[in-house]
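In what follows, a single structure is set out as structure tokens and then discussed.
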Amino acid sequence: MLLLIKLTSLVTTMARKFFVGGNWKCNGTMDDVKKLVKTLNEVEVPSEDVVEVVVSPPFVFLPLVKALLRSDFAIAAQNCWVRKGGAFTGEISAEMLVNLGIPWVILGHSERRSLLGESNDFVADKVGYALSQGLKVIACVGETLEQREAGSTMDVVAAQTKAIAEKITYWTNVVLAYEPVWAIGTGKVATPAQAQEVHVGLREWLNTNVSAEVASSTRIIYGGSVNAANCRELAEQADIDGFLVGGASLKPEFVEIIKSATVKSSV
Ligand code: 13P
């Protein structure tokens, strides 16, 4: 029996395909986007069996990127409205993304939580609605420097994850992105040990509060100043299943980050 449990856990762990997301945030012109896609289209990366690559352009460039991007890379929107579309000026609905053939959406990014006041509940409602429409979700959690220094990192990310867990019934289409706010865009990356510690904490939280299956199969990716120089060391951590990359996803070094997926086959 024990052997069976061990084998099952090994199989589900192995099933966590490395995931590299490129969050382009609010950057770029049509020309920049075309150049970036051209670069991505020309590079040789590990096969789709080894790594799942998803890039996230600003809304206005989604159709362009969809038309030009290689078919083995997928696309994510950077946000969507919390419920069915309608009289919500300036919003983009989950239905529209589905209609456009965009499979993924990033929700709960810390820039939206802090700059636009998105609460844990609001983010959780968005995750629930997006999943209900058939989108796959990169759900972001993470603590501020103040919260880390106060020793409340796990409480903060657990509360963010709990809000989501209360609104969803299945996790198959969710990737959890741990992005410490103090590491985003600062060049101050979490150490592999710091990141691993929170990833393990999140997996334990899922194990206790959702299920062992969800805990072992859900991909937990790290974001915050990931670059070509630090990605391999981070990827070596057992519970880091990939990255959500900001600044470096706009540069050629993104390719090196995608290639760090191969570290997993040697750990
Ligand atoms: P940076 O990689 O620029 O720190 O941004 C991380 C991020 O916010 C990805 O969503």
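These numbers were taken from a predicted model, which means no experiment stands behind them. Just the heavy atoms: all of them, side chains too, but no hydrogens, waters or symmetry mates, feed the values below.
For Trp24 against Ser249, the heavy-atom pair with the smallest separation is CD1-OG, 3.4 Å. Taking each heavy atom of Gly185 and Ser225 in turn, the nearest pair found is N-OG, 4.0 Å. The nearest pair of heavy atoms linking Glu253 to Ala228 is OE1-N, 2.8 Å. Residues Phe18 and Ile240 approach most closely at CE1-O, 4.1 Å, considering heavy atoms. Annotation for Gln237 and Pro192: closest pair NE2-CB, 3.4 Å, computed over non-hydrogen atoms. Considering all non-hydrogen atoms of both residues, Gly223 and Val226 come closest at CA-CG2, 4.4 Å.
Within the 3.5 Å criterion, the main-chain N or O of Gly142 finds a donor-acceptor partner in the side chain of Gln160. Arg16 contributes no side-chain N or O that, together with a main-chain N or O of Ile220, makes up a donor-acceptor pair within less than 3.5 Å. Judged by distance alone, the side chain of Ser152 and the main-chain N or O of Gln147 form a donor-acceptor pair under 3.5 Å. Checked by atom type and distance alone, the side chain of Asn230 pairs as donor or acceptor with a backbone atom of Asn227 at under 3.5 Å. The backbone N or O of Asn23 lies less than 3.5 Å from no partner atom in the side chain of Ser56, so there is not a single donor-acceptor pair. No side-chain donor-acceptor contact under 3.5 Å links Arg148 to the backbone of Thr153. Remark: the backbone N or O of Met96 is not paired with any side-chain donor or acceptor of Asn99 at under 3.5 angstrom. No side-chain donor-acceptor contact under 3.5 Å links Glu179 to the backbone of Ser110. Judged purely by atom type and a 3.5 angstrom limit, Asn209 has no side-chain atom pairing as donor or acceptor with the backbone of Leu206. Between the side chain of Gln194 and the backbone N or O of Thr191 there is at least one donor-acceptor pair closer than 3.5 Å.
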Report task. Give the C-alpha distance, both sets of side-chain angles, the deciding distance and a yes or no for side chain to side chain contact (heavy atoms under 4.5 Å, CB included) between Leu244 and Cys140. Result -> CA-CA 9 Å; Leu244 188 54; Cys140 306; 4.0 Å; yes
**Report entry** side chain to side chain contact (heavy atoms under 4.5 Å, CB included) between Asp32 and Asn27, intermediate numbers included
**Finding:** CA-CA 9 Å; Asp32 294 335; Asn27 288 296; over 6 Å; no
Query raised in the report: Trp81 and Glu95: side chain to side chain contact (heavy atoms under 4.5 Å, CB included), yes or no, with the steps?
Result: CA-CA 9 Å; Trp81 180 233; Glu95 292 88 341; over 6 Å; no
Requested in this report: Apply the test side chain to side chain contact (heavy atoms under 4.5 Å, CB included) to residues Cys80 and Leu107: give CA-CA distance (whole Å), side-chain angles for both, the deciding distance (0.1 Å), then the verdict.
Outcome: CA-CA 8 Å; Cys80 67; Leu107 293 172; 4.2 Å; yes
Query raised in the report: What's the verdict on ring pair (Phe, Tyr, Trp, His ring centres under 6.0 Å) for Phe19 and Trp104, showing C-alpha distance, side-chain angles and the deciding distance?
Result: CA-CA 12 Å; Phe19 184 103; Trp104 287 92; 5.1 Å; yes
Report task. Check the pair Glu213 / Trp171 against side chain to side chain donor-acceptor pair (under 3.5 Å), numbers first and verdict last. Result -> CA-CA 10 Å; Glu213 208 286 319; Trp171 284 74; over 6 Å; no
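Checked for salt-bridge contact, Lys126 and Glu118 meet the test: a charged N lies under 4.0 Å from a carboxylate O. Taking 4.0 Å as the cut-off between side-chain N and carboxylate O, Arg203 and Asp241 count as a salt-bridged pair. The pair Lys17-Glu48 does not count as a salt bridge, with every side-chain nitrogen at least 4.0 angstrom from each carboxylate oxygen.
Counting heavy-atom neighbours within 6.0 Å of Glu197 CD, excluding the residue itself, gives a total of 12 or less. Within 6.0 Å of CD on Glu233 lie no more than 12 heavy atoms contributed by other residues, nucleotides or ligands.
Val141 places a side-chain heavy atom less than 4.5 Å from the side chain of Leu202. Between Val127 and Lys167 there is no side-chain heavy-atom pair separated by less than 4.5 Å. With a 4.5 Å cut-off on side-chain heavy atoms, Val157 and Trp205 do not count as touching. Put simply, the side chain of Pro180 reaches to within 4.5 Å of the side chain of Tyr222, judged on heavy atoms. Inter-residue side-chain proximity for Leu62 and Leu100 is flagged as met; some heavy-atom pair is nearer than 4.5 Å. Contact check for Leu135 versus Pro103: no side-chain heavy atoms found under the 4.5 Å cut-off. Side-chain contact between Asn79 and Arg112 is present, with heavy atoms from C-beta onward closer than 4.5 Å. Using a 4.5 Å cut-off on side-chain heavy atoms (C-beta onward), Glu52 and Arg219 make contact.
Using modelled atom types, one finds no donor on one side chain facing an acceptor on the other under 3.5 Å when comparing Glu146 with Thr144. A donor-acceptor contact closer than 3.5 angstrom is absent between the side chains of Gln78 and His109.
Taking CD1 of Ile258 as the reference point, atom CD of Glu44 lies at 12.5 Å (rounded to 0.5 Å). One distance of note links CG of Leu68 with CZ of Phe61; it measures 12.0 Å at 0.5 Å rounding. One distance of note links CD of Glu91 with OG1 of Thr89; it measures 9.0 Å at 0.5 Å rounding. For the atom pair CD (Glu143) and CG (Asp155), the distance works out to 11.0 Å, reported to the nearest 0.5 Å. Atom OG of residue Ser93 and atom NZ of residue Lys84 lie 8.0 Å apart, to the nearest 0.5 angstrom. We find the CG-CD distance between Asn120 and Glu166 to be 10.0 Å, quoted to the nearest 0.5 Å.
Cluster membership check: Ile75 shares its hydrophobic cluster with Leu250, using side-chain heavy-atom separations under 4.5 Å among Ile, Leu, Val, Met, Phe, Trp and Tyr. Cluster membership check: Ile138 does not share its hydrophobic cluster with Val181, using side-chain heavy-atom separations under 4.5 Å among Ile, Leu, Val, Met, Phe, Trp and Tyr. In this structure, Phe243 is a member of the same hydrophobic cluster as Phe73, with clusters built from ILVMFWY side-chain heavy atoms closer than 4.5 Å. Criterion: ILVMFWY side-chain heavy atoms under 4.5 Å apart, direct or through other members. Under it, Ile221 and Val210 are not part of a common hydrophobic cluster. There is a path of hydrophobic side-chain contacts, each under 4.5 Å, that joins Leu131 to Ile164.
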For a quick test of your reading: what N or O donor-acceptor pairs under 3.5 Å do the side chains of residues 33-40 make, sequence neighbours left out?
residue, atom, partner, partner atom, Å
Lys38, NZ, Glu42, OE2, 3.2
Thr39, OG1, Lys35, O, 2.9

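Scored by the ring-ring contact (aromatic ring centres under 6.0 Å, His included) test, Tyr178 finds His199 as partners (sequence neighbours excluded).
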